[in-house]
Structure formats: structure tokens, C-alpha cells
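Given the structure is predicted, the values throughout are model-derived calculations rather than measurements.
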Amino acid sequence: HHQPSSCTLDLGDHYLVNYMELQGYPTASHLDRCRLCFLYTLKVSRDKLHWHKLFDFSVFKCCGNQHLCFPQQVVRYIQFDLVGRSNTSAQFALNFVSCRYANSLKPFALRSHGVIAPLVPITPLCTISSSDVSANKGYQACLIAFNQPYSISQLRFKVNERELNSKEGTWKGDVSVLVGTRWETTNMSYVANLPQRELGMEVSARFRERVVCYVLVILKNPSSKDQPEVQNSTG
């Protein structure tokens, strides 16, 4: 474990690697790690003199385990720099879980800043309580967090009774989908408005590819005029 805002890991020899896994706030509970976000950059080197920046997540909120895939290269030194964190009262700690060559990585492409564009479905880190984002009775909201930024263009999910506190088949209304790199609704953008969806029905939203850290699903009663304040943009 490492606590400083910057640390360098020496692997002891040169290794061909294409995958790293690290964990921020390793002693925190699963849900707490969803809330304890951090921003960072990660560089690698063969000689500790010449560094190559693999990932620049200095503007993206990350949480929990980071699964970092990249083109294979020879590495001995890894430098992690903590750029910021959401909760300065909680002590940040870092655990390097794995650094290796993986023979069976899921297909992916790399975008700017080292953001991964998965070519097969991925699963979000967790669902954060709707009470954090829903203040009005006219709608209910479900906030979904990814552990790191991903560049995506499609979302598929089902709304079930656990999110809605209702019995399947008893609810029918509009579903709106917002995405963003920060979960505050004023920093998110609409990507889909799907009318008259029933509980248990699969929802699919396609949009222009973009970097996403959080997804906000809004379940709105058609008779209500309440709406959260969000950006007026679509993609």
C-alpha cells in the first residue's frame, strides 16, 4: 500500500506487460469506494529516465479498482500521481493489485488520454442510492457508476422493482438517460428519452461515442411535471 500523492513502483526487472490493476481506498467498503473518487495519471519507464504516460485521468472521476489495458510494452518502473480526490478528509491509499501480460484481454480500443473503448459489454461498478440524486416526488433516479472512464456509444439495462420500489408490471412511464464524467446533474447530458416503458422492459440507448463515468437513469411519471436540472444537450 502507498499513501503519498506520488509513488514509483520498481518491478525489479524488465517485463512485457499489457495490463495493470490498481485499487484506490483498498480498505473502504464496496459502496464507499464508489463515493470516494480520485483523479490520477500513470506513467511507465524502462530506465527511470524516460517516461511514457499511459493514462491521464486527471479530469475524470475514478473509483474502486482500475482495470488498465494497453498495447504490450517492456516496463520496469511505474509512476502513479494522485491529481485530486473527492473527499480530502478520507485518507487515500493505493494498492497495486496486478501488473502482468494477459493473454486473453477482452477486445478494446484506446482513445485520447488512454481512455478504453470496450468492444464487448462491460458491467458498471455499482448503483448508488437514488436518494443522492432524486429530490422530487415526480420522478425517481438511479445513478450508475463506472470505476473508470470508458468511451461508449450504447447502454442496455432493465429497470426492476428494486430500483423503483414497486411490483413488476405496475409502473409505466418515461425513461430518460443522461451520461457524464461527473455525477452532478448540471454536468450531465441527455442521450435518450424513451416514452412509455414498463417495469422489467429492456432499455437500449444509442448515442454519439463519448467518455462516460456516470449514467443517470430517470424514471418519470407521465403525469408529473417535475424534472431534474440538467444540461440541454443531446448526442
If we only count heavy atoms from C-beta on, is the [X] to [Y] side-chain gap below 4.5 Å?
| X | Y | result |
| --- | --- | --- |
| V215 | F146 | yes |
| C99 | I78 | yes |
| V217 | I144 | yes |
| Y150 | V212 | no |
| H52 | K43 | no |
| P149 | C62 | yes |

Could you tell me whether the side chain of Q154 and the main chain of I152 form a donor-acceptor pair under 3.5 Å?
no
Is there a donor-acceptor pair closer than 3.5 Å between any side-chain N or O of N95 and the backbone N or O of P26?
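No, because the side chain of N95 does not come within donor-acceptor range (under 3.5 Å) of the backbone of P26.
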Point-to-point distance, once rounded to the nearest 0.5 Å, from [atom1] of [X] to [atom2] of [Y]:
| X | Y | atom1 | atom2 | value |
| --- | --- | --- | --- | --- |
| H14 | Q73 | NE2 | CD | 12.0 Å |
| L49 | Y77 | CG | OH | 8.5 Å |
| I122 | K106 | CD1 | NZ | 8.5 Å |
| M188 | S176 | CE | OG | 12.0 Å |

Mind listing the closest non-hydrogen atom pair of [X] and [Y] along with its distance?
| X | Y | answer |
| --- | --- | --- |
| V44 | L54 | CG1-CD1, 3.6 Å |
| G24 | F38 | CA-CE2, 3.7 Å |
| S204 | L194 | O-CD1, 4.0 Å |
| V59 | R182 | O-NH2, 4.3 Å |
| L39 | S58 | CD2-O, 2.8 Å |
| Q66 | C63 | NE2-O, 3.2 Å |

Which pairs would a plain distance check flag for residues 108-121, meaning a side-chain donor or acceptor within less than 3.5 Å of a matching protein atom at least two apart in sequence or in another chain?
| from | atom 1 | to | atom 2 | distance (Å) |
| --- | --- | --- | --- | --- |
| R111 | NE | E209 | OE2 | 2.7 |
| R111 | NH2 | E209 | OE1 | 3.4 |
| R111 | NH2 | E209 | OE2 | 3.3 |

So among R100, H67, Q72, which one has a side-chain hydrogen bond (donor to acceptor under 3.5 Å, both in side chains) with Y19?
H67
Parallel, tilted or perpendicular, as decided by the 30° and 60° cut-offs, for the rings of F80 and F92:
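It falls in the parallel class, under 30°.
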Cluster link [X] to [Y], ILVMFWY, side chain under 4.5 Å:
| X | Y | result |
| --- | --- | --- |
| Y15 | V74 | no |
| L36 | V97 | no |
| F96 | L11 | yes |
| F57 | W51 | no |
| L68 | V211 | yes |

Between [Y] and [X], is there a side-chain donor-acceptor contact under 3.5 Å, judged purely by atom types and distance?
| X | Y | answer |
| --- | --- | --- |
| S45 | D47 | yes |
| Q91 | Y25 | no |
| D81 | S6 | yes |
| E21 | N65 | yes |

Kindly indicate, with the supporting measurements, whether the criterion side chain to side chain contact (heavy atoms under 4.5 Å, CB included) is fulfilled by S189 and R210.
CA-CA 11 Å; S189 302; R210 66 186 69 198; 4.0 Å; yes
Worked check of side chain to side chain contact (heavy atoms under 4.5 Å, CB included) between V177 and L155
CA-CA 9 Å; V177 183; L155 292 164; 3.8 Å; yes
Derivation of the salt bridge (charged side-chain N to carboxylate O under 4.0 Å, His left out) call for R76 and D13:
CA-CA 6 Å; R76 174 166 178 170; D13 205 342; 5.5 Å; no
Could you please spell out the steps behind the side chain to side chain contact (heavy atoms under 4.5 Å, CB included) verdict for I218 and L178?
CA-CA 8 Å; I218 299 172; L178 295 84; 3.4 Å; yes
Report the C-alpha distance between F55 and Q148 in whole Å, list the side-chain angles of each, state the deciding distance to 0.1 Å, and finish with yes or no for side chain to side chain contact (heavy atoms under 4.5 Å, CB included).
CA-CA 11 Å; F55 301 95; Q148 64 196 64; over 6 Å; no
